[in-house]
Every structure is written in C-alpha cells, then in structure tokens.
Amino acid sequence: MRKILVSAGEASGDLYASLVVEELRRALPGTAFFGCTGPRLRAVGVRTVVDSASLAVVGLVEVVAHIPRIYGEFRKLLRAAEAERPDLAILTDSPDFHLRVARKLHRQGVPVVYLVAPQAWAWRKGRVREMRRTLRRLLCIFPFEEAFFTGHGVPTTYIGHPLAGLVRPGLTREEFFKKHRLAAERPLVTVLPGSRRGEAARHLPALLDAVDRLYREQAVNIVLPASANTGAGFFQERVGSSPMRVIEGESWDAMAHADLALAASGTVTVEAALLGTPMVTFYRVTGLSWLMGKFLVDIPFYSMVNLIAGRAVVPELMQSQMTGENLAREALRLLAAGPEREQMKAGLAEVKEKLTGRAGAQPSAGQRAALAIQEILEGQVTHVS
C-alpha cells in the first residue's frame with residue numbers, strides 16, 4: 001500500500017493540504033495518509049499522529065516556552081515516519097517546524113514536497129540552502145515567489161493560491177443578516193483577530209477599544225467570526241458588554257458581506273482581498289519579538305495584500321501603531337463613501353486578478369499540486385523498475 005505523510009501546523013495549512021489530499025485520493029485510490037493534522041485533514045481521512053493545534057505558537061520569543069512540547073511532537077512525527085516508511089511527505093507551511101522535519105525525512109530517503117513557501121524572500125534567506133538540499137519540490141502560492149526560489153536553485157512550481165476560486169459566501173447578505181439578527185440599514189464591520197488563541201488574546205484589548213470608539217461615532221453591526229482553533233467561547237468570555245457579536249465560524253460570509261474588515265495580518269487578509277472587502281490590517285507580538293524582527297525582516301510591507309500589489313493598498317497598523325484609537329479612525333475613514341474607499345477596492349481587485357490569473361482556470365491549485373506529487377511518485381516507480 002502506498003503511504004504519504006502529510007503535516008500542517010496551522011489552520012490555513014490544514015485547509016490547503018486537505019485540498020491536495022482530496023485530489024490525491026481521487027487520483028491514487030488506496031493510498032494511506034497519516035501525519036500532523038487539523039480538523040480539515042482529519043475530515044478527508046488523514047490519520048492523526050500529532051494534532052496541529054499543539055504547534056500553533058507565534059513570535060520569536062513566545063515560542064521559547066513551548067519548545068519542549070513542540071520538540072516532543074517533532075519526535076513523535078519522525079518516529080511514525082520511521083515506522084511507516086512513507087513513499088512521500090507533504091509538509092505545509094510552519095517552516096520553523098517543517099524545515100527540520102524535511103531535513104530528517106531527507107536523511108531517511110523520503111522525498112519531501114513542501115507546500116506554501118517559507119518567506120525566505122523576506123528574512124532568513126539562509127533557509128534557501130537547506131531547502132535546495134532537502135526538498136524534491138517546492139509548491140508556492142504567490143506569483144512573485146517562483147522566480148525567487150527558482151533563481152536560488154530550489155525546484156519550484158507556482159500552483160496558484162488554493163483559496164482562489166474557493167473563497168465565496170454560503171449565504172446572501174440578506175440571509176446572513178437575518179440569521180444573526182443584524183440591522184439591515186447599518187453597515188457591517190467584521191473583526192478578525194487571528195486564528196490562534198495567543199495572537200487573538202494580544203489583539204483583543206485594542207480591538208475592543210476600537211469597537212467601542214467606532215460604535216460611539218456610527219451605528220454599525222459588528223461581528224467576530226471565531227476560528228475553529230479559538231472557538232466562540234474563548235471570545236464570549238472576554239467581550240463583556242461590547243456591542244460586538246461573536247459567531248462560530250462563517251468567516252467567509254462575515255467578510256463577504258462586510259463593509260469593512262479589521263483583519264490580523266495573515267491568510268485572512270488574502271481571503272478578504274479575494275472577496276473584495278475593504279480592510280484595515282494590524283498585528284502585534286511581544287516587544288522583544290518585534291525588535292528582533294525589525295533587524296531580521298527586509299520587506300517593504302507586512303501585509304501580504306500589499307506585498308502582492310507591490311504598493312500600499314490597505315493600511316497596516318503594526319505593533320505600537322495598533323491602538324483602539326488608530327483602528328477606529330481608519331475604520332471610520334474607510335466606511336465613508338469616497339475616493340479612498342474606491343481606490344482601495346480597485347487595488348483589491350488587482351490583487352485578486354494576480355492571485356486568480358493562473359489559478360482561476362483549470363486545473364485548480366490543489367489539482368496542480370497533486371499532479372506535481374504524482375509525477376514524483378511515478379518517477380520513483382519508473383526508477384525502481
């Protein structure tokens with residue numbers, strides 16, 4: 001029986017990897033999948049060795065306290081690989097964890113396909129040397145990455161963004177408003193504090209302050225769609241008397257029907273861009289992590305939306321700039337109908353076009369990834385025979 005190890009450390013990686021596994025199941029019936037999983041990988045039949053929730057830590061300093069636990073999960077995954085002897089491994093995002101896994105698997109003779117490129121074009125460029133040595137194929141999801149990694153000798157394929165053509169609302173605006181008892185005449189502001197509990201907890205005080213300020217100035221609906229990793233209960237315990245309505249999931253509906261999103265920098269900003277939703281982006285880590293990052297990171301923007309556009313399309317309120325006052329001010333500015341809002345919407349349309357240009361046609365990103373993986377597996381069979 002053919003066996004494939006699949007590992008994803010975050011919610012976005014769990015989604016992207018699950019799309020590839022779905023395609024591989026159709027193309028390679030009878031294949032067994034196991035590894036580090038979140039809910040989406042489990043739903044498509046990947047057997048859990050490690051729960052990806054145990055790896056969800058952000059920040060250069062914050063991760064230190066979790067190193068013993070993460071190392072234990074690392075060893076558990078590698079022991080499973082040694083016992084199962086997979087024909088191939090698909091490692092998704094989370095480079096601090098997965099590049100180490102790739103190194104060990106390479107030594108075991110397991111071909112490694114890496115899905116979602118580490119941001120070596122922004123920082124820690126030394127990773128490229130290790131990637132060139134240990135990866136059979138890198139599958140990147142942003143259009144500017146292919147030239148960078150190919151130019152540095154890493155075998156790379158741009159597959160398009162997995163969310164392109166996938167992100168869409170399940171309900172109409174009228175249905176969504178009715179379901180959550182929102183006032184139809186009021187604009188909708190969707191708050192997206194981050195998919196992990198740690199980052200959401202860091203962002204929530206400023207967001208609650210912003211919501212209170214905003215609500216005093218303008219009658220709006222405010223919803224917070226809780227991610228699967230955090231759960232609605234996490235936020236309901238913390239919002240108190242805030243006018244913010246916490247809902248379970250439904251983030252694409254909440255974004256698609258929003259007049260504005262307050263979005264933590266990350267995958268959710270790409271989702272909002274694909275839905276054409278104007279946004280204010282933000283992020284905060286510990287002070288020490290921020291200072292260390294300032295010395296290490298060499299990029300003109302922090303938000304992926306702005307990086308893809310190559311210019312400042314959406315506001316970025318990072319670290320000390322992320323205050324309730326600043327968030328509320330930017331929100332009020334963008335809720336007003338005017339040239340700034342229209343310019344942002346035009347910029348978001350450009351970003352969407354860049355992400356869907358290749359991925360909008362068939363095959364999808366998941367299918368492109370599966371085809372690349374099949375080629376590697378077929379090459380092994382040919383070589384053996």
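Computed from heavy atoms alone, side chains included, the values below leave out hydrogens, waters and symmetry copies. The first residue of the sequence shown is numbered 1, and numbering continues consecutively from there.
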Go through the steps for Arg133 and Glu130 under the test salt bridge (charged side-chain N to carboxylate O under 4.0 Å, His left out), then give the verdict. CA-CA 5 Å; Arg133 191 173 66 85; Glu130 182 77 5; 3.3 Å; yes
Distance in Å, [X] [atom1] paired with [Y] [atom2], rounded so as to fall on 0.5 Å steps:
X	Y	atom1	atom2	result
Glu340	Gln343	CD	CD	7.0 Å
Thr31	Leu377	OG1	CG	8.0 Å
Leu115	Leu138	CG	CG	9.0 Å
Glu10	Phe97	CD	CZ	12.0 Å
Arg368	Ile373	CZ	CD1	14.0 Å
Leu317	Ser265	CG	OG	11.0 Å

Salt-bridge contact [X]-[Y] (side-chain N to carboxylate O under 4.0 Å):
X	Y	value
Arg25	Glu22	no
Lys345	Glu342	no
Arg186	Asp259	no
Arg47	Glu84	yes
Arg213	Asp209	yes
Arg137	Glu375	no
Arg202	Glu199	no
Asp51	Lys76	no
Arg311	Glu350	yes
Arg127	Asp96	yes

Would you check if [X] and [Y] make a side-chain contact, meaning some heavy-atom pair closer than 4.5 Å?
X	Y	result
Leu99	Leu91	no
Val280	Leu334	yes
Tyr16	Leu163	yes
Leu139	Thr156	no
Leu348	Val305	yes
Met304	Gln119	yes
Leu15	Ser12	no
Val220	Pro187	yes

For the hydrophobic clusters of this structure (ILVMFWY residues joined by side-chain heavy atoms under 4.5 Å, transitively), does one cluster hold both [X] and [Y]?
X	Y	value
Leu28	Val44	yes
Phe148	Ile141	yes
Leu88	Leu5	yes
Tyr114	Val128	yes
Val189	Leu327	yes

Locate the shortest heavy-atom distance separating [X] from [Y]; write the atom from each residue and the value.
X	Y	answer
Leu24	Gln374	CD2-CG, 4.3 Å
Ala272	Met279	CB-CE, 3.5 Å
Pro169	His257	CB-NE2, 3.8 Å
Gly194	Thr230	O-CG2, 4.4 Å
Thr190	Met255	OG1-N, 4.2 Å
Tyr283	Ala264	CD1-CB, 4.3 Å

Arg132 vs Phe149, test: side chain to side chain contact (heavy atoms under 4.5 Å, CB included). Steps then yes/no. CA-CA 9 Å; Arg132 188 166 55 235; Phe149 286 106; over 6 Å; no
Backbone N or O of [Y] within a donor-acceptor pair of the [X] side chain at under 3.5 Å?
X	Y	result
Ser52	Gly9	no
Thr48	Val50	no
Asp87	Arg2	no
Glu316	Ser303	yes
Glu23	Val20	no
Lys354	Ile308	yes
Asp93	Gly13	no
Thr37	Arg42	no
Asp14	Gly38	yes
Arg284	Met318	no

Asn306 and Val314: CA distance, side-chain angles, deciding distance, side chain to side chain contact (heavy atoms under 4.5 Å, CB included) verdict: CA-CA 7 Å; Asn306 290 341; Val314 301; 3.6 Å; yes
Tell me whether Arg103 at atom CZ has more than 12 heavy atoms from other residues, nucleotides or ligands lying less than 6.0 Å away. yes
Heavy-atom neighbours of Glu174 CD exceed 12 at 6.0 Å: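 No, because the 6.0 Å sphere around CD of Glu174 holds 12 heavy atoms or fewer from other groups.
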Flag this pair as yes if the NZ/CZ of Arg238 is under 6.0 angstrom from the six-membered ring centre of Phe234 and inside a 45 degree cone about the axis; otherwise no.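 Judged by the rule (NZ or CZ under 6.0 Å from the ring centre, within 45° of its axis), Arg238 counts as positioned above Phe234.
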Would you please test Arg136 and Val112 for side chain to side chain contact (heavy atoms under 4.5 Å, CB included) and show each step? CA-CA 5 Å; Arg136 181 68 62 88; Val112 177; 5.7 Å; no
Go through the steps to decide whether Lys104 and Arg100 satisfy the test side chain to side chain contact (heavy atoms under 4.5 Å, CB included), and finish with yes or no. CA-CA 7 Å; Lys104 296 291 188 180; Arg100 288 173 171 81; 6.0 Å; no
Any idea how His203 and Phe282 line up, ring-wise: parallel (<30°), tilted (30 to 60°), or perpendicular (>60°)?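 Ring orientation of His203 relative to Phe282: perpendicular.
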Parallel, tilted or perpendicular, as decided by the 30° and 60° cut-offs, for the rings of Phe144 and Phe142: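 Rings of Phe142 and Phe144: parallel, under 30°.
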His98 ring center near Phe74 ring center (under 6.0 Å): no
